[in-house]
Asker: 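Below are the structure tokens for one structure; questions will follow.
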Amino acid sequence: MQYRMHQDIMNFPSRWFYQGKLEAAPEVQYRGILQWDRAIEWVDTSGETFTEDTHPDTMSRVNKEEAELLVAKLQQYIEKIGRERVLEEHIDFGLISPYKAQIHYIRRLVKRNAFFKPYRKLITVHTVDGFQGQERDVIMISLVRSNDAGKIGFLNDLHRMNVAITRARMKLIILGDAATLSHHPFYQKLYEYIQLLEG
């Protein structure tokens with residue numbers, strides 16, 4: 001029995017990692033922030049011309065256009081909830097990526113944008129490892145990888161992805177190039193699961 005996640009966020013990791021044994025406690029099962037909002041969505045960037053780059057010093061990966069889209073989506077979602085409500089109810093946000101270079105770039109974007117100033121204490125930007133043991137109302141994950149060869153590197157570590165996905169209480173937004181990531185059965189099934197929910 002878990003007391004963190006909305007049922008729709010829980011179901012996929014439950015099936016993939018826990019033989020379908022996870023159950024959502026009644027008080028969290030359908031808990032959401034907005035009415036008529038899906039608990040989980042995948043923003044597919046494969047139709048875009050986003051490119052992943054390698055940071056020359058650290059050899060970490062970065063996808064600047066995806067980071068910029070993530071920060072724009074965060075702003076839109078805060079506006080949708082309502083600025084005052086976010087502050088009054090202390091609705092918190094976690095922005096996650098497996099790549100440190102992506103994290104540094106997202107942090108810079110958030111810091112530079114005056115819109116986020118009132119929400120600084122409610123927004124955490126960290127790697128998957130940095131989020132271990134934590135949870136947030138809204139989790140946004142930038143998967144970064146985008147290439148014709150279907151190379152996903154770090155993302156092959158499914159334990160890390162399980163950690164990332166299961167940090168969200170009420171809303172999970174994944175940004176990623178589905179064409180690249182679907183070369184791996186885990187991401188293909190996750191994408192299909194989310195598509196089914198969107199119905």
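Values below: every heavy atom of this structure, side chains too, minus hydrogens, waters and symmetry copies.
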Asker: Please find the pair of heavy atoms, one from R136 and one from T124, that lie closest to each other, and give the distance.
Answerer: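 Shortest heavy-atom separation between R136 and T124 comes out as NH2-OG1, 2.9 Å.
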
Asker: Rounded to the nearest 0.5 Å, what separates atom CD1 in I173 from atom CH2 in W42?
Answerer: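 Going from the CD1 atom of I173 to the CH2 atom of W42 covers 13.5 Å.
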
Asker: Within 45° of the ring axis of F154 and under 6.0 Å from its six-membered ring centre, is that where the NZ or CZ of R160 lies?
Answerer: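 Pair R160/F154 counts as cation-pi.
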
Asker: Cut-off 3.5 Å, side chains only: do D129 and T127 have a donor facing an acceptor?
Answerer: no

Asker: May I ask you to decide whether R169 forms a salt bridge with D92, counting only side-chain N to carboxylate O separations under 4.0 Å?
Answerer: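 Answer for the salt bridge query: yes.
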
Asker: What do the steps show when you test R112 against R108 for side chain to side chain contact (heavy atoms under 4.5 Å, CB included), and what is the final call?
Answerer: CA-CA 6 Å; R112 282 189 200 147; R108 279 213 306 275; 3.4 Å; yes

Asker: Are any non-hydrogen side-chain atoms of I78 and F116 less than 4.5 angstrom apart?
Answerer: yes

Asker: Looking at P118 and L87, what are the two nearest heavy atoms and their distance?
Answerer: O-CD2, 3.3 Å

Asker: Does some side-chain heavy atom of H6 sit less than 4.5 Å from a side-chain heavy atom of V28?
Answerer: no

Asker: Side-chain contact test, heavy atoms from C-beta onward, threshold under 4.5 Å: evaluate it for D37 versus K171 and give yes or no.
Answerer: yes

Asker: Are the side chains of L143 and M161 in contact, using a 4.5 Å heavy-atom criterion?
Answerer: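 They are in side-chain contact.
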
Asker: Of all the heavy-atom pairs spanning K151 and E52, show the shortest one and how long it is.
Answerer: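 Nearest pair, atom of K151 first, then E52: O-OE2, 4.4 Å.
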
Asker: With rounding to the nearest 0.5 Å, note down the distance linking CG in L181 to CG in N147.
Answerer: 8.5 Å

Asker: Does the side chain of I91 reach to within under 4.5 Å of the side chain of L122, using non-hydrogen atoms?
Answerer: no

Asker: Find out whether T180 and Y187 are in side-chain contact, i.e. whether some heavy atom of one side chain is under 4.5 Å from a heavy atom of the other.
Answerer: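 With C-beta onward as the side chain, the pair stays apart.
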
Asker: Show, in sequence, the C-alpha distance, side-chain angles and deciding distance for K64 and D53, and conclude whether the side chain to side chain contact (heavy atoms under 4.5 Å, CB included) test is met.
Answerer: CA-CA 8 Å; K64 290 184 175 179; D53 293 306; 5.6 Å; no

Asker: L69 pairs by side chain to side chain contact (heavy atoms under 4.5 Å, CB included) with which of V43, L74, N63?
Answerer: V43

Asker: Taking atom CG of L190 and atom CD1 of I40, what is their separation to the nearest 0.5 Å?
Answerer: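 CD1 of I40 is found 5.5 Å from CG of L190.
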
Asker: Of the non-hydrogen atoms in L22 and S14, which two are nearest, and what is the gap between them?
Answerer: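 Taking L22 first and S14 second, the nearest heavy atoms are N-OG, 3.1 Å.
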
Asker: Looking only at heavy atoms, what is the nearest atom pair of D137 and I33, with distance?
Answerer: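 Scanning both residues completely, I find the closest heavy atoms to be CB-CD1, 4.4 Å.
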
Asker: Side chain to side chain contact (heavy atoms under 4.5 Å, CB included) between L109 and L70: does it pass, once the steps are laid out?
Answerer: CA-CA 10 Å; L109 292 173; L70 179 134; over 6 Å; no

Asker: Between Y191 and F12, is the ring centroid distance below 6.0 Å?
Answerer: no

Asker: Would you check if R31 and R4 make a side-chain contact, meaning some heavy-atom pair closer than 4.5 Å?
Answerer: no

Asker: Would you please classify the geometry between the F186 ring and the F17 ring as parallel, tilted or perpendicular, with 30° and 60° separating the classes?
Answerer: tilted

Asker: Parallel, tilted or perpendicular, judged at 30° and 60°: which one describes the rings of Y119 and F115?
Answerer: tilted

Asker: Calculate, to the nearest 0.5 Å, the distance between atoms CD1 and NE2 belonging to I96 and H126 respectively.
Answerer: 10.0 Å

